[in-house]
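Okay, so here's the structure we're looking at.
Atom set for the values below is all heavy atoms of this structure, side chains included, hydrogens, waters and symmetry mates excluded. Labels below follow one simple rule: chain letters A, B, ... track the order of the sequence lines, proteins then strands, and each chain is numbered from 1. What you see is a predicted model, and the numbers here were worked out from it, not measured in a lab.
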Amino acid sequence: MKAMLRGVCVTAVLFGGILQAHAADLVVAMPNWPSGQASANIIKVALEKSLKIDVEVEEMGTLIAFTGLDSGKVDVHPEVWRPNLDSVVQKYVTERGTVHLSPRSVSATQGLCVTQKTYDDYGIHDVADLKDPAKTKAFDTDGDGKGEIWIGAQGWSSTDIERIRAKSYGYAATMTLLEMPEEVGMSAVDAAVATDKPIVFYCYSPHHVFELHRIKQLSEPAFDGAKWNVVLPADDPMWLSKSDAPVAWKPSSFSVAYATSLSKRLPQVAKFLDNIDFSADEVTAMSYALEVERQDPATFAEQWVASHEDRVKAWMK
Amino acid sequence: MAGTARPRRRLGWVAFLFMAAGLGAALAQTGSTTQIFDPKTHKWINYDRKKARQYYAAHGQVPDAFRRQIVTFRTAEKPGTIIIDGNQHFLYLVLPGLKAVRYGIGVGRDGFGWAGIVRVGRMAEWPTWTPPAEMVARDPNAAKFAGGMPGGPDNPLGARALYLYQGDQDTIYRIHGTPEPWTIGLDVSSGCIRMNNDDIVDLHSQVQVGAKVVVLMQGAALYKGV
């Protein structure tokens, strides 16, 4: 699309500005994760079909999308995660008022997970079990007597927080904390399931791993703001020693965001976006369809809208 | 990936194999050595280099678990991707329909040495083997081939080699064949992944240059990302 637009621009210059680049009625930012790609395309297909407007889906990072929402170059972001983006929401939604968040949201979770086999056969049910060397020995794959646990990819803020939680709960002393790209972490789960081996790993949902395998999230003490003292590496080199968080993650969620100006420019679209009410199961299914079944996001969206006519109609009301 | 150098540790696992002719095989891991369950004596015996040779001499092939087979493998990785589990000595080639070909492999004495995502940068049939300089210095047999040992049945790289790249850089690691098929399932090589020649030929015939290779974290001194 970018190449095509560049071509159009060159043509416009050659003809003395007589021609203009085509501008869509609505620009939807598309994140690089599967459920975000699916929902961005569902929004496009549903709106083009129902309101006969021209919608463009453009892949971009979340911070660039928010800048675009603020300046008017972008109209919609399909999945704004919180509390991860609380500071951005504070800036653009609360302070500047240029971005609107849908009142509806999808509940999300973060924590530690095991396979059903690990849960049933190895007695790993609660985060506290990871402090028991007799139990965590089952996760030892390198012969040093300590089990291993994947805590996320390098560069994720959640990975730093998982390191803090491991220290705070005490299992940093009984287990080796591994950082690897998500594909390595997830392939390790695939291999463990294929051979009935125990495994414990950082997990978040909605995510296709819950559809691919039978997964159990470990129980742990509920989130308590008074006990969640997290300092991130960007803010302090002594972040780990200064942090303490022996509790579960704060309940997470994500929702649709759109430019506040849309309420006046295209009020029907704004109403539609406010009414979108995907369930967590639907989002997991989207993730599975794109990531595991390798369905094309645009084709998946066409089929989803065709098979959910009543839902789409309800969102229009 | 954590950004700190950590000591290499010995691969830790136990394999137990019910291997009376045709009885099938199973694997598990709890310790630091490979073991076979002997159905005659009902005792566990170490599956070391000597036992592996004896087994191969008696059966003409490696234990059942390490033979090429189609298995159920539920993954989000696309068909054509290779996933290496050095801990259990398996290499998976992902197939459509949530299946995979599972091959037995031999890995490094100290494990594979790293984990991460690479790709098949190039492939070769009956590749030339050039011993590293330190091996030439200490081993007169290797010194004979300081300029490169031509491909052939005695070449340590076996019938085929898949050269693993990160971006456009050769990682120096390979997936290759071996003239010592009894070593499959053991920790014996000097860091590469070895497969018996039939298996590497089979893998080579199914893999494209550019294929994604995921080396898992489990075991195998895995803490340094490439």
Side-chain angles (χ1 to χ4, degrees), chain A residues 34 115 121-122 137-156 159-160 163 176-199 201 207-215 233 287-294, chain B residues 1-4 6-15 26-33 65 71-79 81-88 90-92 94 96-100 102 110-111 114-117 187 212-223 225:
Chain A
T115 55
D121 294 359
Y122 294 86
K137 201 177 172 187
F139 303 114
D140 178 23
T141 64
D142 60 5
D144 70 349
K146 286 171 71 176
E148 288 88 44
I149 177 173
W150 178 70
I151 59 167
Q154 196 174 37
W156 292 357
T159 306
D160 297 325
R163 195 169 283 279
T176 302
L177 312 179
L178 303 177
E179 295 181 20
M180 276 284 149
E182 180 170 1
E183 295 141 289
V184 180
M186 291 299 102
S187 294
V189 176
D190 303 335
V193 170
T195 49
D196 279 343
K197 297 294 174 288
I199 192 164
F201 56 99
H207 190 284
H208 60 265
V209 73
F210 292 91
E211 193 80 5
L212 202 53
H213 303 298
R214 293 170 66 205
I215 300 295
S287 168
Y288 187 85
L290 269 58
E291 198 71 8
V292 181
E293 297 174 344
R294 314 234 153 243
Chain B
M1 289 295 287
T4 52
R6 304 181 201 202
R8 291 187 173 193
R9 284 173 247 201
R10 196 176 187 293
L11 197 69
W13 65 290
V14 170
L27 280 168
Q29 62 187 90
T30 53
S32 60
T33 56
V71 296
T72 296
F73 195 77
R74 299 179 62 83
T75 183
E77 292 301 325
K78 69 178 181 184
T81 300
I82 292 170
I83 297 173
I84 296 170
D85 182 349
N87 180 42
Q88 298 194 66
F90 292 145
L91 181 151
Y92 299 92
V94 178
L98 302 175
K99 297 282 184 183
R102 192 183 80 189
D110 295 319
W114 52 274
I117 300 170
D187 304 339
K212 180 177 175 183
V213 180
V214 181
V215 181
L216 299 186
M217 306 163 287
Q218 284 94 334
L222 41 79
Y223 304 107

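- In terms of non-hydrogen atom pairs under 4.5 Å with chain B, the most contact-rich of A:Pro198, A:Ser187, A:Ala194 is A:Ser187.
- The backbone N or O of A:Ile215 lies less than 3.5 Å from no partner atom in the side chain of A:His213, so there is not a single donor-acceptor pair.
- Side-chain contact check for A:Thr159 and A:Glu179: no donor-acceptor pair (N or O, by modelled atom type) lies under 3.5 Å.
- Residue contact with chain A, scored on non-hydrogen atoms closer than 4.5 Å, involves the backbone and the side chain of B:Thr75 alike.
- Within the 4.5 angstrom heavy-atom criterion, atoms from both the backbone and the side chain of A:Val184 approach chain B.
- There is no contact between A:Phe139 and chain B, counting heavy-atom distances below 4.5 Å.
- For B:Glu77, the side chain to side chain donor-acceptor pair (under 3.5 Å) partners are B:Lys212, not counting sequence neighbours.
- In terms of modelled atom types and a separation under 3.5 Å, the side chain of A:Lys197 and the main chain of A:Thr195 share a donor-acceptor contact.
- Of the atoms belonging to A:Glu211, it is backbone heavy atoms, and not side-chain ones, that fall under 4.5 Å from chain B.
- Side chain of B:Asp85 to main chain of B:Phe90: no donor-acceptor pair is present (N/O by atom type, distance under 3.5 Å, no hydrogens or angles).
- Residue contact with chain A, scored on non-hydrogen atoms closer than 4.5 Å, involves the side chain of B:Val214 exclusively.
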